[in-house]
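Heads up, the thing below is written out as structure tokens.
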Amino acid sequence: KLILSIVGGAGGMDIDPAVEAHFCEGLVGAAKQTGGWVITGGTNSGVMDLVGKAMHKHDSRRTVPCIGIAPFGALKEKWRTAL
């Protein structure tokens, strides 16, 4: 078992499409082969958005647990009040 914690910038990213494809395929492939879990910062920006897209595209059967831990301030108002 393996935990893959993917962290990085939340800003706009300018990645070569070939590098992006290799990262996405490699991330999901590594998680599948090891029975790993993927953990991110839980927002849809920067590297966290890239991880979400990778999981969506390469793990269509949703076999890899993917957990996003977002900061409280990033939640929409309806979710803040629910907590």
Side-chain angles (χ1 to χ4, degrees):
K1 301 279 180 183
L2 179 71
I3 294 178
L4 297 161
S5 177
I6 311 300
V7 296
M13 295 175 43
D14 185 23
I15 300 176
D16 180 89
V19 172
E20 182 176 323
H22 286 295
F23 170 80
C24 292
E25 291 170 17
L27 170 66
V28 178
K32 284 181 176 180
Q33 288 179 353
T34 61
W37 290 34
V38 176
I39 300 175
T40 72
T43 63
N44 64 343
S45 60
V47 72
M48 296 161 287
D49 182 50
L50 181 59
V51 170
K53 289 176 181 174
M55 300 305 294
H56 181 77
K57 182 175 182 179
H58 299 287
D59 188 30
S60 60
R61 298 179 80 191
R62 306 297 180 253
T63 59
V64 176
C66 185
I67 300 170
I69 303 171
F72 186 77
L75 299 176
K76 292 184 178 182
E77 184 64 31
K78 71 176 187 174
W79 295 112
R80 284 190 224 168
T81 55
L83 298 174

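As the structure is a prediction and not an experimental result, all values here were calculated from the model. Quick note: numbers below take in every heavy atom, side chains included, and nothing from hydrogens, waters or symmetry partners.
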Query raised in the report: Under 3.5 Å, side chain of Ser45 to main-chain N/O of Gly11, donor-acceptor pair present?
Result: no
Query raised in the report: How would you list all residue pairs meeting side-chain hydrogen bond (donor to acceptor under 3.5 Å, both in side chains) that involve residues 68-82, not counting sequence neighbours?
Result: none
Report task. Treating Ile, Leu, Val, Met, Phe, Trp and Tyr as nodes and any side-chain heavy-atom pair under 4.5 angstrom as an edge, say whether Val7 and Val28 lie in one connected cluster. Result -> no
**Report entry** Side chain proximity check, Leu4 to Ile39, heavy atoms < 4.5 angstrom
**Finding:** no
Query raised in the report: Which pairs with one or both residues in residues 9-37 pass side-chain hydrogen bond (donor to acceptor under 3.5 Å, both in side chains), sequence neighbours excluded?
Result: none
**Report entry** Minimum heavy-atom distance between Leu50 and Cys24, given as atom pair plus value
**Finding:** CD1-SG, 3.6 Å
Query raised in the report: Does Ile6 belong to the same Ile/Leu/Val/Met/Phe/Trp/Tyr cluster as Leu2, with side-chain heavy atoms less than 4.5 Å apart forming each link?
Result: yes
**Report entry** Those residues that, when tested against Lys53, pass salt bridge (charged side-chain N to carboxylate O under 4.0 Å, His left out) (two or more places apart)
**Finding:** Asp49
Query raised in the report: Do you know the tightest heavy-atom contact between Met48 and Gly41?
Result: SD-CA, 3.3 Å
Query raised in the report: Any chain of hydrophobic side-chain contacts (each under 4.5 Å) joining Ile3 to Val47?
Result: no
In residues 60-75, what donor-acceptor pairs under 3.5 Å come from side-chain atoms, sequence neighbours left out?
{"from": "Arg62", "atom 1": "NH1", "to": "Asp59", "atom 2": "O", "distance (Å)": "2.5"}
{"from": "Arg62", "atom 1": "NH2", "to": "His56", "atom 2": "ND1", "distance (Å)": "3.0"}
{"from": "Thr63", "atom 1": "OG1", "to": "Asp59", "atom 2": "OD1", "distance (Å)": "2.8"}

